[in-house]
Amino acid sequence: MYQKPKGTRDIFGDELKRLETMNAVARSFFGQQGYQEIRTPTFEFATLFDRSIGETTDIVEHEIYKFEVNRKWYALKPEGTAPVLRAFIENKLSLPARFLYICSMYRRERPQKGRYREFLQIGIELLGESEAFYDAEIIDQGKRYLDLIGAKGFNIELNSIGCPECRRAYRERLGTYLEPNISKLCADCRRRFEHNFLRIFDCKKETCHKVYDKAPKITDNLCKDCAAHYDGVKMYLRKYGIEYAENKKLVRGLDYYTRTVFEFKHRGLGAQDTIIAGGRYDLLMKELGGPNTPCTGWAMGPERLLLTMPKEVPHIDKEVTFYVVGMGERYMDEIIRLRNDIQARGHVCISGNPDAPLKQQIKKADKVGTAYTVIYGEDEEKEGVYAVKEMKTGKQTKIQREDFKAFIERI
RNA sequence: GUGGGUGUAGCUCAAUCGGUAGAGCAUUGGACUGUGGCUCCAACGGUUGGGGGUUCAAGUCCCCUCACUCACCCCA
């Protein structure tokens, strides 16, 4: 028996409907906010991600699906931001620009609850705006989207990780503090400090955090401009009436972030509790060969969001309303014509095989959950009627053939 | 990549100390020949994930392997 590859899923039924509802709400809501939907390729040249995400991050080091064809290396996209910027540059689009993307992403991780190797992301990117006002704006939009979809129970965590300039000075201070404590740190942290020093705060080990609790934080060591920017973000968030918690240890796993970073976490979801995450990336566009352009954005995991929501989320739905059965091959033409008529009037309608025993046909009608079963055979032909059985009550009535259209329209 | 848990009928799960693999639901048929659901009766359904080992005897114990799942790591 064939099996799907690890970490992939078949999505259908109720779950698919709910995911599609999220997409539909995202398109209409962010559309109103001036976001244009963009769809970038499922695979890109691998170097795009090495450059943007950071060559020493775990994503690039061992989570990307890479393949070589004709001596060229490709990668399934592990995230959406770099492709959007690449598309912006390549198509010579103009600033400021707002993009919405809804795409599958791919990362070769061990699957667990709320984490798959092929997973969806809904994300927004706001290109060409540098002010703190816009960081607050996209956070507000994220929150309003969650409200709109009916999601509850989120905490917003906020931090600023500054620019390369503040980081250079801060790294020295942190190094001086850590030096006498280096023996207390785990091997991972020692390695992290060497080539990606901010990431040490991502460590989950208590022993390491005992050291970090008293360590100087980047947030308290920002340069003048970055500090003012961060104060601005907080000020605008307060004006929006958005509650947030400062988390000075919040850093993020992708190298391209500057200044503002944030996460929307769900209380009591377990390990995969980050539903929306993002921040500012003022240097990435230039890094990818485009104009010097400040940008900010975030991405959301719809599958994870779904885990936080009650089952009875409204969704666009179509139930089977009619099932047409006949009493023998003779009535096939009439059955098919009737079925097509009902479908043309916007109802879901299935026809049974008129050669099968009536009992069997009705049983199938019941199984697919039809509201009405329409029966046509010898008796009905003689009387010029359709027999219509309301499945819920079992009540069966005869409807004149010429009255039938009116009947459908009342349903 | 590292650790834990779980794999028995289509599904959910039993099976005592190692001693003939079982139930409910689902499916199919019948009771009921042009009428589904409810009830009753019957039938169908298995390489116990796969491979090896120990034993007179393995679903059960041991080793390997695969899959699923949770957690670490990392991330949406």
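In what follows, chains are A, B, ... by sequence order, proteins preceding strands, each numbered from 1. Computed from a prediction, not measured in an experiment: that's the story for all the values here.
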Roughly how many Å apart are [M] and [N], using the [atom1] atom of each and rounding to a whole number?
N: B:rG46; M: B:rG7; atom1: C1'; value: 15 Å
N: B:rA9; M: B:rA43; atom1: C1'; value: 14 Å
N: B:rU20; M: B:rU60; atom1: C1'; value: 15 Å
N: B:rC72; M: B:rU16; atom1: C1'; value: 38 Å
N: B:rU47; M: B:rA57; atom1: P; value: 23 Å
N: B:rU55; M: B:rC63; atom1: C1'; value: 16 Å
N: B:rG37; M: B:rU27; atom1: P; value: 10 Å
N: B:rA26; M: B:rG45; atom1: C1'; value: 11 Å

With a 4.0 Å cut-off on N to O distance, would you call [X] and [Y] a salt bridge?
X: A:E246; Y: A:K217; result: no
X: A:R345; Y: A:D341; result: no
X: A:R401; Y: A:E380; result: no
X: A:D140; Y: A:R144; result: yes
X: A:E37; Y: A:R39; result: yes
X: A:R337; Y: A:E334; result: yes

Open item on the list: Check this for me: does the side-chain of A:R115 come within 3.5 Å of the base of B:rC70 through a donor and an acceptor?
Closed with: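 Result: no qualifying N/O pair found.
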To the nearest angstrom, how far is [X] atom [atom1] from [N] atom [atom2]?
X: A:L146; N: B:rA76; atom1: CG; atom2: P; answer: 16 Å
X: A:Q3; N: B:rC68; atom1: CD; atom2: C1'; answer: 9 Å
X: A:K6; N: B:rU65; atom1: NZ; atom2: C1'; answer: 13 Å
X: A:E125; N: B:rA76; atom1: CD; atom2: C1'; answer: 13 Å
X: A:R9; N: B:rU69; atom1: CZ; atom2: P; answer: 10 Å
X: A:E263; N: B:rC75; atom1: CD; atom2: P; answer: 9 Å
X: A:Q121; N: B:rC75; atom1: CD; atom2: C1'; answer: 9 Å
X: A:E109; N: B:rC72; atom1: CD; atom2: P; answer: 12 Å

Give [X] one of three labels, base, sugar-phosphate or nothing, depending on what nucleic acid heavy atoms sit under 4.0 Å from its own.
X: A:R199; result: sugar-phosphate
X: A:G278; result: nothing
X: A:A365; result: nothing
X: A:R110; result: base

- [ ] Sugar-phosphate atoms are those with a prime plus P, OP1 and OP2; base atoms are the rest. Using that split, label each nucleotide of nucleotides 31-51 of chain B B, S or - for protein heavy atoms under 4.0 Å, 5' to 3'.
- [x] ---BBBB--------------
Task: Least distance between heavy atoms, A:T373 atom then A:A365 atom - done: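 It is OG1-CB, 3.6 Å.
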- [ ] Could you pull out the closest heavy-atom pair between A:A132 and A:G232, with the gap in Å?
- [x]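 Nearest pair, atom of A:A132 first, then A:G232: CB-C, 3.6 Å.
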Verify the contact: side-chain N or O of [X] to OP1 or OP2 of [N], cut-off strictly under 4.0 Å; return yes or no.
X: A:K113; N: B:rA71; result: no
X: A:Q112; N: B:rA71; result: yes
X: A:R108; N: B:rC73; result: no
X: A:R304; N: B:rC75; result: no

TODO: Would you mind telling me which residue lines up with the more 5' stretch of RNA chain B, A:P111 or A:F119, judged by nearest nucleotide?
DONE: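 Counting from the 5' end, the first nearest nucleotide belongs to A:P111.
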- [ ] For RNA chain B, produce a single dot-bracket line, 5' to 3'. Pairs: Watson-Crick or G-U wobble, both distances under 3.5 Å. Symbols: ( ) within strand, [ ] crossing, | other strand, . unpaired.
- [x] (((((((..((((.....[..)))).(((((.......))))).....(((((..]....))))))))))))....
Open item on the list: Tell me if the centroids of the rings in A:F264 and A:Y145 come within less than 6.0 Å of each other.
Closed with: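 Distance test on ring centres: not under 6.0 Å, no.
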Task: Partner set under side-chain contact (heavy atoms from CB on, under 4.5 Å) for A:Q343, not counting sequence neighbours - done: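 Once residues adjacent in sequence are excluded, the partners of A:Q343 under the side-chain contact (heavy atoms from CB on, under 4.5 Å) criterion are A:R339, A:N340, A:C349.
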- [ ] Mark yes when over 12 heavy atoms from residues, nucleotides or ligands other than A:K113 sit less than 6.0 Å from its NZ; otherwise mark no.
- [x]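 Counting neighbours around NZ of A:K113, 12 or fewer heavy atoms of other residues, nucleotides or ligands fall under 6.0 Å, so no.
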